[in-house]
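Below is one structure, written out as structure tokens; the observations come after it.
Sequence lines set the chain letters: A, B, ... in the order given, protein chains first and strands last, and positions in each chain run from 1.
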Amino acid sequence: MRLATWNVNSLKVRLPRVEAWLAEIQPDILCMQETKLSDDAFPALTFNALGYETAHNGQGQWNGVAILSKVGLANVVTSFGDGEEPDVESRFIQADCGGINISSIYVPNGRALDDEHYQYKLRWLNRLLRHLELTADSAGNVVVMGDFNIAPEDRDVYDPAKFEGATHTSPPERAMLAALAAWGLEDLFRRFHDEGQIYSWWDYRAGDFHQGRGLRIDLVMASRAVADRAVWTVIDRNARKGQSPSDHAPVIIDLED
DNA sequence: ATGGTCGTTGCACGA
């Protein structure tokens, strides 16, 4: 089974590239982030024609997350099960696909450490963890994948000094990743790659992609039962090249059946 | 050393 996650940065603009990529890579499950579409505008029929069932949580203009699946899609959840007020932004969708509890997430950016949005980011991550504690079984098949907007370690950052005092690398954010790991989720990329300077996002500006200035912030976090089935992973940086790319590259994981 | 680009929308802001 092939799983993938991709922050497409506007599915309206990116749909031709997403279609071509699906035809080439043939994932069984694709999680997307930043569709920037309302649910009405989500091109479900296009994906149905390619053999995918779909679920989308969108608000239009900003955010928006989706799951495509060729291996079944049931029990869709779009809000945290903590009994609190629903998130006002569309950043979370979860469904059961092919025997795996799949979540597609778009973690708030945070903007700056002294910005209110950074507190929202930390609260959001706490709510995600609480949701998993309340509704999922870490001994079962669980995958949380998407744009975490956190680089797990300094080797995931092109210039760690540049990010001192900034978001994406701060200790409280990394502590939330550690808390997710303590619950039972593993950063699957690191099971296969020890090297640094492998990134999943590059700023559009200043030729950052071609200069190798990026961050690894798109993660596939998997429970042990899923992780032990993983046989291969790659960040598909080819998808960041060429005409009208997203600023993120997809992450692909292959599981043995 | 600095700033640089996209996508939304509407003449600014988020990433």
Between W201(A) and D247(A), a side-chain donor and acceptor under 3.5 Å: yes
Within 6.0 Å of CD in Q197(A), more than 12 heavy atoms from elsewhere: no
Report all interatomic pairs (protein N or O, nucleotide N or O of nucleotides 6-10 of chain B) with separations under 3.5 Å.
{"unit_1": "dG7(B)", "atom_1": "OP1", "unit_2": "R14(A)", "atom_2": "NH1", "d": "3.3"}
{"unit_1": "dG7(B)", "atom_1": "OP1", "unit_2": "R14(A)", "atom_2": "NH2", "d": "3.3"}
{"unit_1": "dG7(B)", "atom_1": "O3'", "unit_2": "S10(A)", "atom_2": "OG", "d": "3.3"}
{"unit_1": "dT8(B)", "atom_1": "OP1", "unit_2": "S10(A)", "atom_2": "OG", "d": "2.5"}

Rounded interatomic separation in angstrom, taking CG from D147(A) and P from dA15(B): 10 Å
N63(A) CG - dG14(B) P separation (whole Å): 12 Å
Ring-face cation contact, F209(A) with R240(A), 6.0 Å cut, 45° max: yes
Distance-only polar pair, side chains of H131(A) and D82(A), donor-acceptor under 3.5 Å: no
Atom pair distance, as rounded to whole Å: NZ in K162(A) and C1' in dG4(B): 12 Å
Rounded distance (Å) that lies between atom C1' of dG14(B) and atom CD of E116(A): 16 Å
Whole-Å distance separating the CD atom of Q33(A) from the C1' atom of dG14(B): 17 Å
Test item: side-chain donor near acceptor, Q33(A) and D147(A), under 3.5 Å: no
R216(A) NZ/CZ over Y199(A) ring centroid, <6.0 Å and within 45° of normal: no
D218(A) side chain to T5(A) side chain, donor-acceptor N/O pair below 3.5 angstrom: no
Toward the 5' end of DNA chain B, by each residue's nearest nucleotide, H117(A) or R213(A): R213(A)
Between C1' of dG14(B) and NE2 of H168(A), the distance in whole Å: 12 Å
D115(A) CG to dC13(B) P, straight-line distance once rounded to whole Å: 13 Å
dG14(B) and dG10(B), which share atom name P, separated by this distance in whole Å: 14 Å
Rounded distance in Å - CG (N7(A)) to C1' (dG14(B)): 13 Å
dA1(B) and dA12(B), which share atom name C1', separated by this distance in whole Å: 27 Å
C1' gap between dA15(B) and dG4(B), integer Å: 15 Å
Sugar-phosphate only, base, or nothing, as touched by F209(A) at under 4.0 Å among non-hydrogen atoms: nothing
Distance, C1' atom - from dG3(B) to dT9(B), rounded to whole angstrom: 24 Å
